[in-house]
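These numbers were taken from a predicted model, which means no experiment stands behind them. Computed from heavy atoms alone, side chains included, the values below leave out hydrogens, waters and symmetry copies.
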Amino acid sequence: MILRLDELAIDLPKPKNPSANDAAAIQELLGGKFGEMSTLMNYTFQSFNFRGRNRLRPFYALTSAIAAEEFSHIEAVSYAINLLLTGVSERGTDPVPGPLAGAADARNTYHFLASGQAALPFDSMGNPWTGQYVNSSGNLRLDLLHNFFLECGARANKIRAYEMVTDPCARTMVGYLLVRGGLHVYAYAKALEVITGVDVKKIMPVPPLSNAKFPEARKFMEHGLHRQLYTFSPNAYQEAGLIWNGKHPEDGSPLEVVEGAIKGVPYPVLEEEPQLNSPGEDDFDPQMFKDIAKKLGLSNEWKQRHG
């Protein structure tokens, strides 16, 4: 099971230039073939289906820990998309002037037709994510090789997305994913090396461009996020350290397994978009919840979260 925290993994700056087309490009990192939904579901099903996990526990632990982290990556990409879409149409409650007229020129009109200007499980062209992207063969060596390839493909797409979208919000998110995804590439390379004896890391990085080339990625590397494998569990998956150990190939820093999850930050507050009736319910009185919270002894917590 996944223990969900009411936090976002990274602090995303408010976009300087919100753009529906930039959001459409970033969708590839969410619902594309090499997107975060694919990494999550590949590793999740592999962990569910892992046979002989007691004998091969370190490989199971590694895959499970990375799978849990991918859930947080879906959140990060989704919030970047949502922030890029916030305010790009004319706000108001009158439908007659056509407040969504500009959306007709957007690359992905699903952001307006099928959601409240928000992320969807699609790629950059509006094609829905599919379970056909999931590889869970049951053969450990094949699955690890696939995961290494998947992370390399994801890295290539992140680099291209970075070069396509220049807004600080998007680039901060991509820089973070480059660092954490780079760790996953190396983790699967080490797992393949343990099981086969082949030094897979000699072909890294793929594509051959250091994460240090990206200013936003360097910021996260300075905090050690390129070498710290989180278990995303309070009491399990520490056996991943039997694989994730030694020194990082780029800077020689020690590899470390950290129990628990990356410390997050409060979620960005997504502004309402009345022209899409999102969220609607204009007559709802939140005072009702305040009164109930007070009766239940939750008034202080409610005040801290909602003012």
Side-chain angles (χ1 to χ4, degrees), residues 1-15 26 29-30 35-37 39-40 43-44 47 61-84 119 151 154-155 158 162 168-187 211-212 214-241 243-245 247-248 250-251 253-270 298 300-307:
M1 297 188 294
I2 293 178
L3 177 65
R4 183 164 183 176
L5 306 176
D6 194 17
E7 300 172 344
L8 193 65
I10 53 172
D11 189 10
L12 293 172
K14 186 175 181 179
I26 295 301
L29 305 186
L30 179 63
E36 301 302 321
M37 290 189 64
T39 53
L40 168 71
Y43 312 153
T44 296
S47 68
L62 184 76
T63 302
S64 298
I66 295 175
E69 178 170 0
E70 299 296 356
F71 186 89
S72 72
H73 291 185
I74 289 175
E75 280 191 310
V77 180
S78 295
Y79 270 89
I81 292 169
N82 295 344
L83 290 170
L84 286 168
E151 289 287 355
R155 186 171 186 275
K158 291 164 191 171
Y162 182 96
C169 175
R171 284 195 159 186
T172 296
M173 181 272 296
V174 176
Y176 175 76
L177 292 186
L178 281 171
V179 172
R180 295 306 297 171
L183 183 151
H184 298 165
V185 174
Y186 186 41
N211 286 344
F214 303 87
E216 295 81 2
R218 287 200 303 271
K219 177 181 67 174
F220 294 112
M221 293 172 70
E222 289 169 0
H223 289 87
L225 289 184
H226 63 305
R227 61 180 183 82
Q228 295 174 332
L229 177 72
Y230 288 80
T231 63
F232 282 85
S233 171
N235 54 18
Y237 308 132
Q238 295 169 353
E239 300 93 340
I243 296 172
W244 186 252
N245 58 70
K247 296 185 180 299
H248 196 279
E250 280 200 49
D251 60 8
S253 58
L255 303 182
E256 179 184 3
V257 173
V258 181
E259 186 176 85
I262 295 170
K263 178 58 182 173
V265 298
Y267 286 112
V269 176
L270 301 178
L298 302 174
N300 289 334
E301 180 181 349
W302 178 269
K303 186 175 182 180
Q304 289 175 356
R305 288 183 177 273
H306 308 284

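- A pairwise comparison of heavy atoms in V174 and Y162 identifies CG1-CB, 3.8 Å as the closest pair.
- With contacts defined as side-chain heavy-atom distances shorter than 4.5 Å, the pair E69/I66 does not qualify.
- Shortest non-hydrogen contact noted between S253 and D251 is OG-OD1, 2.7 Å.
- Here the options are L84, L83, L29, the test is side chain to side chain contact (heavy atoms under 4.5 Å, CB included), and the partner is M173; only L29 passes.
- Between L3 and S233 there is no side-chain heavy-atom pair separated by less than 4.5 Å.
- Classified by interplanar angle (parallel below 30°, tilted 30° to 60°, perpendicular above 60°), the ring pair H73/H184 is parallel.
- Across every non-hydrogen atom of L5 and Y267, the tightest pair is O-OH, 3.5 Å.
- Across all non-hydrogen atoms, the minimal contact from A65 to F232 is O-CD1, 4.0 Å.
- What you find for G264 and E7 is that their closest heavy atoms are N-OE1, 3.1 Å.
- Crowding of K14 atom NZ: a count of heavy atoms from other residues, nucleotides or ligands under 6.0 Å not exceeding 12.
- When side chains are defined from C-beta on, T44 does not count as touching E70, because their heavy atoms never get closer than 4.5 Å.
- Salt-bridge formation is not detected for the pair E151/R180: no Lys NZ or Arg NE/NH1/NH2 atom is positioned less than 4.0 Å from an Asp or Glu carboxylate oxygen.
- In terms of heavy-atom proximity, A61 sits nearest to A240 at CB-N, 3.7 Å.
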